[in-house]
Number of protein chains: 2
Amino acid sequence: MAPKKQAGPGAGQAAPRLRSTDIARLAGVSVSAVSLAINGRPGLSEATRKRILDVADELNWRPHRAASALKGASSDVVGIVIARPARTLGVEPFFAHFLSGLQSSLSGQGISTQLLIVEDTEAQTAVYRRWAAEHRVDGLVLLDLEVDDPRPQLVADLGIPAVTLGSHGNPMPLTSVWVDDHAAMVGILQYLSSLGHRHIGHVSGITSFQHTQRRLQAIQDVHTSLGTEVDSIPTDFSDAQGAEATRRLLGADPRCTAIVYDSDVMAIAGLGVATEMGVSVPSDVSLVSFDDSVLTTMAHPPVTALTRDTFALGTLTATELLRVMSDGPNDPQATQAPTPRLVVRGSTAAPPAERGPHADDALEGR
Amino acid sequence: MAPKKQAGPGAGQAAPRLRSTDIARLAGVSVSAVSLAINGRPGLSEATRKRILDVADELNWRPHRAASALKGASSDVVGIVIARPARTLGVEPFFAHFLSGLQSSLSGQGISTQLLIVEDTEAQTAVYRRWAAEHRVDGLVLLDLEVDDPRPQLVADLGIPAVTLGSHGNPMPLTSVWVDDHAAMVGILQYLSSLGHRHIGHVSGITSFQHTQRRLQAIQDVHTSLGTEVDSIPTDFSDAQGAEATRRLLGADPRCTAIVYDSDVMAIAGLGVATEMGVSVPSDVSLVSFDDSVLTTMAHPPVTALTRDTFALGTLTATELLRVMSDGPNDPQATQAPTPRLVVRGSTAAPPAERGPHADDALEGR
DNA sequence: CTGCGCTTCTAGAACGTATTAGTCTGCGGC
DNA sequence: GCCGCAGACTAATACGTTCTAGAAGCGCAG
């Protein structure tokens with residue numbers, strides 16, 4: 001009746017912790033029998049099995065996780081360690097979508113995801129070591145791979161099943177899921193080129209990331225074949241730097257006629273800057289985002305973007321991870337996720353007519 | 001030299017699992033000494049302590065988590081169970097921000113967050129029971145509280161330290177962090193009323209949620225004092241239903257002059273519908289979002305919204321949870337997070353001149 | 001009636017650590 | 001010179017399960 005107040009601090013002995021012996025006693029069997037019943041092992045008559053399970057259910061008893069784990073049971077936990085400023089995580093739709101997809105697949109197996117945000121790559125590797133030593137996780141997902149990233153090799157050495165997202169380099173110590181950023185970037189440039197754009201700005205992401213490198217490589221690779229001149233400005237993926245880069249690109253003379261952004265957040269920031277500077281989109285400058293989300297679709301004008309199912313990317317990663325976890329450390333394999341598809345929206349158009357005697361000059365040399 | 005191929009499936013015995021006995025042997029002491037050293041307990045000379053720690057560090061050895069846990073150690077894990085369609089999680093900026101804030105505070109204590117997405121509330125309670133029985137988590141965060149939600153009482157009975165977000169009802173079995181939705185909604189209505197709006201639409205969230213209820217209550221409470229007539233349409237928080245509700249509100253006759261949305265995603269969807277229907281914002285209809293994010297700030301026009309620091313809400317929740325976890329099951333307390341602040345942007349203005357005997361008739365039925 | 005195989009069940013030894021109750025050494029005080 | 005005591009360290013047990021080896025009961029073939 002009165003609020004549960006009489007219980008002093010820390011005196012909340014709500015549950016008198018059950019053990020398998022209690023269940024055994026109540027069911028009139030041995031602890032071994034309880035173990036067999038709970039784990040669905042053969043060697044028990046249906047009658048006793050049911051009796052045991054009934055008692056266990058009634059008391060809501062489950063084997064103490066730690067004790068099972070001590071006998072080598074899996075922990076049913078998959079770990080993700082992120083080394084980014086925590087505040088930026090919530091801003092990137094990518095991460096939330098990916099995590100949702102990953103978790104939704106893992107949930108089916110009763111596996112939960114353990115998330116830890118750390119300061120830097122050093123702390124990150126320390127966590128991998130710790131988790132490995134403590135047997136805390138059954139598997140790992142590695143994100144934000146950098147060039148010459150030491151983590152895959154470390155994790156492989158530690159013997160933890162793991163999947164990297166976005167890496168397919170050589171050598172490849174871990175199974176990976178990757179997206180063909182190269183082809184995607186080529187697609188964007190081909191599209192812009194076909195509209196008539198030659199002078200293109202590129203607001204790139206963190207250049208030490210592998211996928212950023214692949215995009216930059218693609219730009220170089222099509223330079224001569226398409227005749228595109230691309231100006232890349234590196235950023236840290238933040239909206240602030242995306243806006244700043246846009247300001248620089250739009251202030252330059254001659255000005256590029258199209259800008260490609262490595263993320264949706266930056267594209268939207270850039271769109272804001274253009275509007276603010278009185279540069280009209282798409283008639284003065286075309287904008288393309290390398291990532292799609294509600295941000296780009298609901299912008300004004302809606303932004304032409306590479307779209308992909310990030311949620312599905314998460315589920316695919318989960319599938320691969322589950323495979324690695326059950327197969328053991330086999331030969332690492334690279335699974336390719338579908339290449340993002342270009343969705344043309346209102347932010348792209350042919351470049352403004354060039355200054356010069358003939359308007360059609362722009363199309364010349366096509 | 002050759003790729004690690006000769007090792008058959010599952011034969012990757014990379015690490016020959018160290019135990020405390022190994023460390024003891026190498027340091028020339030007993031296992032007890034190792035335990036004392038690792039856990040910083042008194043009873044060892046500084047010399048031997050250092051020797052032991054050096055060996056442990058060298059081999060990257062840590063106590064096997066399960067074994068420690070068996071002796072009653074904490075698991076350093078905080079759990080969150082979500083019962084929502086996984087796909088919607090990534091769309092809501094709220095969740096990602098909150099989780100980032102929560103994790104960033106917990107990381108400081110070396111605590112990680114365990115996330116599980118389930119189908120429905122029933123599965124959710126099952127997970128709470130399971131995690132409790134398995135001693136899997138040290139604490140829980142309960143989100144999306146519903147009216148008469150059985151979960152707080154269940155979790156309290158299970159004896160798991162926990163914090164609920166958004167509940168401050170009576171009785172209150174758990175410590176909670178709550179936001180004054182009532183005051184916030186009153187603020188919105190006062191603002192709209194001061195602009196001259198009387199007939200207002202409200203695209204509400206899931207009505208079984210406690211915070212939705214508090215908002216609806218606020219609407220009723222100011223009905224007479226402000227003279228506002230509010231039309232609430234319940235939705236499931238999805239952009240689709242937000243758009244549909246907007247369509248209904250804008251199609252009604254007489255039409256409301258302002259619409260309040262219970263989330264930013266729905267507000268943006270509604271803005272899209274208005275544009276599509278040729279209803280101009282804010283001259284024909286004003287739009288207010290109950291939640292703020294990059295979505296609302298970058299929309300066109302930017303949407304007037306209640307803004308709050310969701311990241312900070314996460315850190316505040318973490319603080320409370322840590323307190324509960326260390327204090328044990330004390331009297332539950334309700335901590336109030338700052339009330340969201342209304343940020344006026346371009347989506348709100350005075351209502352269009354009323355139809356009447358005057359020249360403004362022209363605008364009628366537009 | 002003995003012995004064998006099958007099913008059903010159980011005793012007891014792990015698993016790797018933390019802790020309790022020591023043991024052993026050296027040393028100061030009487 | 002012996003007692004007692006503090007400091008440094010260790011042996012052994014407990015934690016709660018799982019698993020191996022084996023016991024008990026029972027039917028049945030020989």
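Hydrogens, waters and symmetry mates are skipped; everything else that's a heavy atom, side chains included, is used.
- Under a 3.5 Å cut-off, the side chain of Asp327(B) and the backbone N or O of Val324(B) do not form any donor-acceptor pair.
- Arg19(A) has no side-chain polar atom (N or O) that falls below the 4.0 Å cut-off from OP1 or OP2 of dT17(D).
- Judged purely by atom type and a 3.5 angstrom limit, Asp149(A) has no side-chain atom pairing as donor or acceptor with the backbone of Leu145(A).
- Remark: Ser35(B) is not in phosphate contact with dT17(C), judged by side-chain N or O atoms under 4.0 Å from OP1 or OP2.
- Close to dC9(C), at under 4.0 Å from its OP1 or OP2, lies a side-chain N or O of Thr48(A).
- Taking the six-membered ring where the residue is Trp, His135(B) and His64(A) present perpendicular rings, their angle passing 60° and hence far from 30°.
- Distance from the side chain of Trp61(B) is smallest to dT17(C) among dT17(D), dT17(C), dA11(D).
- Among the atoms of the strands shown, only primed sugar atoms or phosphate atoms (P, OP1, OP2) are found under 4.0 Å from some heavy atom of Val29(A).
- Comparing Ala67(A) and Val31(B), the nucleotide of DNA chain D nearest to each residue sits closer to the 5' end for Val31(B).
- Rounding to whole angstrom units, CZ of residue Arg51(B) and P of dC9(D) are separated by 7 Å.
- A donor N or O paired with an acceptor N or O is found under 3.5 Å between the base of dA11(D) and the side-chain atoms of Ser32(B).
- Atom NZ of Lys50(B) is separated from atom P of dC9(D) by 15 Å (rounded to the nearest Å).
- The interatomic distance linking Leu59(B) (CG) with dG16(C) (C1') rounds to 16 Å, in whole Å.
- Closest-nucleotide positions on DNA chain C for Leu70(B) and Leu36(B) were compared, and the one nearer the 5' end corresponds to Leu70(B).
- Atom C1' of nucleotide dA18(C) and atom NZ of Lys71(B) are separated by 5 Å, given to the nearest angstrom.
- Phosphate proximity of dC9(D) to Ser45(B): present, with a side-chain N or O under 4.0 Å from OP1 or OP2.
- Atom CG of Asp22(A) and atom C1' of dT17(D) are 13 Å apart (whole Å).
- Within the structure, side-chain hydrogen bond (donor to acceptor under 3.5 Å, both in side chains) pairs that include any residue of residues 41-55 of chain A comprise Ser45(A)-Thr48(A), Lys50(A)-Asp54(A) (at least two apart or interchain).
- Going from atom CZ of Arg65(A) over to atom C1' of dG16(C) covers 17 Å, rounded to whole Å.
- Looking at Leu115(B) and Leu115(A), their side chains never come closer than 4.5 Å, going by heavy atoms from C-beta outward.
- Here dG16(C) presents its P atom at 11 Å from CG of Leu18(B), a figure rounded to the nearest Å.
- Following rounding to the nearest Å, Arg41(B) (CZ) and dT19(C) (C1') show an atom-to-atom distance of 9 Å.
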